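Following: one structure in structure tokens, then a few remarks.
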Amino acid sequence: QDPLPDEAKDLRSLRGERSFENNCLICHSAELTTNQRMSPAQWQAEVAKMVGWGAPVPPDEQADLIEFLAARFAPSTPPSRPDRLTPRQVSD
């Protein structure tokens, strides 16, 4: 039985998120990427640039990764809230 369109989309999103975790976070902090807001074309160019610089994203994962990044970190996505530290955390 073929998955429903929503199920297929969810699966692609999960694969994209896993690709992000396995391939992008080995060099970058999450915040470096998650603070970006780009269009699908910009994310595609960014992934191509990173692959060109040696990011180990397999070719069969790139479309899901780009789709994940474009959906999660689109220009219309509100900015991330900065992490807050307590005074105790600052003093430790």
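Along the sequence shown, residues carry numbers from 1. Keep in mind the model is a prediction, meaning the values are calculated, not measured.
Smallest separation of non-hydrogen atoms from Ala71 and Thr77: O-OG1, 4.4 Å. Nearest heavy atoms, Ile26 versus Pro56: CD1-CG, 3.7 Å. Of all non-hydrogen atoms in Pro40 and Ile66, the two that sit nearest each other are O-CG2, 4.0 Å.
Under the 3.5 Å distance criterion, with hydrogens and angles disregarded, no donor-acceptor pair is assigned to the side chains of Gln36 and Thr33.
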Please walk me through it: do Leu65 and Cys24 pass side chain to side chain contact (heavy atoms under 4.5 Å, CB included)?
CA-CA 10 Å; Leu65 174 60; Cys24 303; 4.2 Å; yes
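Below 30°, between 30° and 60°, or above 60°: for Phe73 and Phe20 the angle between ring planes is between 30° and 60°, a tilted geometry.
For the pair Gln62/Val51, a side-chain contact is recorded, criterion being any heavy-atom separation below 4.5 Å from C-beta on. With a 4.5 Å cut-off on side-chain heavy atoms, Leu32 and Ser29 count as touching. Residues Ser19 and Asp64 fail the side-chain proximity criterion, which asks for heavy atoms closer than 4.5 Å. Between Gln89 and Thr86 there is a side-chain heavy-atom pair separated by less than 4.5 Å.
When each of Arg12, Arg72, Gln44 is paired with Glu67, the side chain to side chain contact (heavy atoms under 4.5 Å, CB included) condition holds for Arg12 and for no other.
For residues 43-52, the pairs satisfying salt bridge (Lys or Arg N to Asp or Glu O under 4.0 Å) are Glu46-Lys49, with sequence neighbours left out.
Once rounded to the nearest 0.5 Å, the distance linking CG of Leu69 with CD of Glu17 reads 10.0 Å.
A donor-acceptor pair is defined here as one N or O able to donate and one able to accept, closer than 3.5 Å; such a pair exists between the side chain of Arg37 and the backbone of Pro78. Listed for the Glu61 side chain is no donor-acceptor partner under 3.5 Å among the backbone atoms of Pro58. A side-chain donor-acceptor contact under 3.5 Å links Thr34 to the backbone of Ala30.
Residues forming a side-chain contact (heavy atoms from CB on, under 4.5 Å) with Arg18 (at least two apart in sequence, or on another chain): Arg15, Asn22.
Connection of Leu25 to Leu14 is not established within any shared hydrophobic cluster, with ILVMFWY side chains joined at heavy-atom distances below 4.5 Å, either directly or through further cluster members.
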